[in-house]
J.: 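Quick one: the structure is below, questions incoming.
Side chains included, hydrogens not; waters and symmetry mates left out as well; all remaining heavy atoms used.
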There are 2 protein chains.
Amino acid sequence: MNHEQIDAAALRFEQGYSAFLRRTPLWKLPGAALGIECAEVWLKLEQFQVGGGFKARGMLNRLLANSIPASGVIVASGGNAGIATAAAAKALGVKCEVFVPTVSSPMKQAKLRELGAEVVVTGAVYAEALEACLERQKQTGALLTHAYDQPEVVAGAGTLAREIEQQGGRPDSVLVSVGGGGLIAGIAAWFGQRARVVALEPQLAPTLHAARKAGEPVDVAVSGVAADSLGAKRIGAIAWEIAQRDVGDSLLLPDAAIRDAQLWLWKQMKLAVEPAAALGLAALQTGAYRPRADEKVCLVICGANLDPATLS
Amino acid sequence: MNHEQIDAAALRFEQGYSAFLRRTPLWKLPGAALGIECAEVWLKLEQFQVGGGFKARGMLNRLLANSIPASGVIVASGGNAGIATAAAAKALGVKCEVFVPTVSSPMKQAKLRELGAEVVVTGAVYAEALEACLERQKQTGALLTHAYDQPEVVAGAGTLAREIEQQGGRPDSVLVSVGGGGLIAGIAAWFGQRARVVALEPQLAPTLHAARKAGEPVDVAVSGVAADSLGAKRIGAIAWEIAQRDVGDSLLLPDAAIRDAQLWLWKQMKLAVEPAAALGLAALQTGAYRPRADEKVCLVICGANLDPATLS
């Protein structure tokens, strides 16, 4: 993964998909505005992306970079990647099948159907839905979009980092939530050693942390408040390779801190985001990550696929 | 009201209140991203302001421009102006009393108390709460902040327009919701004839529209989905004067269109906003306001003081 692949993805997006894919706002605030002792906190408001999260970037790039058979596209996804695939397929006018585990939220399933996708609910966790999806793909020959472990998907996610730099220059650090690792892989591939890329995971869904401990990707048990979107069982092979080189810290956060940060973002900032999008603020508020006084920290607010009633 | 008063307000904000008052994002989108046939739609995301709406600008300017007695500040407000006054008083470390009518939401009352304000719930509508507030102010001598009809409050609101122009240049048109008129007065005072300023009101709370019809400010009955924040009974004297000169159209919107636009903003854009903040999109979606094909339309997303469960 390199800058050329990310540039190519950004170029594809500029060729007529400006109404589909959105250039999301980068909001720079003094650290004090969030009660954090650092110079600046940048919020990349990627929850406003089409489909409510960053995944539209990777999926649209995957679809645009390949020719799509009549059987369309197929994906297994805990939710957001499926929504992004369905939205991209709709924009391109191709068929779409989405396999989701039973743990995925009814709200996300309804959203998928609304986008014209055929939804297959199967398996207790993501890995089981994936297995069924792969079986089906063999039958139909549809283009498989993987939620995080394909080069085009990672390069698409990398356009988010490219956009941050275009909009605001280079931050000192970027705090990114990790599930399967597609987002952090794209971001780390873009910034390399030019910014400190910090991986954040729930204690109850520690794919990268566990891989570091074991020296290789391993399966982990996943649960907790963010399992719906960070519930991959294992870090992706592409993410693992990039993370070894270009991701510095790998921090774990308790569910209570994630939930507190999520509620704080709503109450104090009116940002309605899903738990997975609150890990960056949780890391700052708990002191799990302590920026320098002059540091410019960028938080990637990665998604807002939630039932808003959970913020009441 | 002129540019100098708005510049002075902006200068006050820059003197050490950057952590209190936020520079909110301006998000430029192609019209097609919202399904609107015009070149660009700009969203000024002022719902992310401290207190969840634009009113913090006016209130902070009112407090900073005057010396505050030991009895503190006092305000009558349907909700958002009260929240803004309480937040500004808290930031400056002064006492605050807020008079709200019984129609104001329990959520806003709770928020006021959380900000350290003393809340007095009295009167069925705003005008009655105001009367009680003025009586009390005579006793205590506290600095009165009016929800919309004071020069410092209007100038503070005007900084929002100044910020739009700093961030994105000059839009062709600006669509603004009107209650008492403080926001549109500040915006029209800033842009003057340099942009087309369009006033939007619910059919059920038509203060400016009724004043235009009568040739002078008149009392109107207010109800409907946006009454909680646009429920002023009469357009302010300052707003009336400015609007006669610098506000072009005055359009009315049905509640159903406002509510549809509010839900659309959440479902399609993940923007959680109160009904009053959805009038701009409602005007575009219903065709009540039809921009030219090459037009750059700016919508002021003015507040997000809502119970998120109402978006479920």
J.: Taking atom CG of A:L26 and atom CH2 of B:W27, what is their separation to the nearest 0.5 Å?
T.: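 It comes to 13.0 Å.
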J.: Crowded around A:Q166 CD? As in, over 12 foreign heavy atoms under 6.0 Å?
T.: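 Count over threshold, so yes.
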J.: Quick check on A:L45 against chain B: is it the side chain, the backbone, both or neither that has a heavy atom closer than 4.5 Å?
T.: side chain
J.: Find the one option among B:M107, B:Q268, B:Q49 whose heavy-atom pairs under 4.5 Å with chain A are most numerous.
T.: B:Q268
J.: When rounded to the nearest 0.5 angstrom, what distance separates CD1 in A:I301 from NZ in B:K270?
T.: 15.0 Å
J.: Using 0.5 Å steps for rounding, measure from the CZ atom of A:R22 to the CE atom of B:M269.
T.: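 It comes to 4.0 Å.
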J.: Count the heavy atoms of every other residue, nucleotide or ligand shown that sit under 6.0 Å from CD of B:E114, and state whether that count exceeds 12.
T.: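 Atom CD in B:E114 is packed in, count exceeds 12.
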J.: Could you check whether atom NZ of A:K296 has more than 12 heavy atoms from other residues, nucleotides or ligands sitting under 6.0 Å from it?
T.: no
J.: Where on A:L29 is there a heavy atom nearer than 4.5 Å to chain B: the side chain, the backbone, both, or neither?
T.: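 Looking at A:L29, just its side chain touches chain B.
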J.: Step through the shown structure and confirm whether more than 12 heavy atoms of other residues, nucleotides or ligands are within 6.0 Å of CZ on A:R290.
T.: no
J.: With a 4.5 angstrom heavy-atom cut-off, could you sort out which part of A:K267 is near chain B: side chain, backbone, both or neither?
T.: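 Both backbone and side chain of A:K267 come within 4.5 Å of chain B.
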J.: Quick one: of B:P308, B:A309, B:P25, who has the most non-hydrogen atom pairs under 4.5 Å with chain A?
T.: B:P308
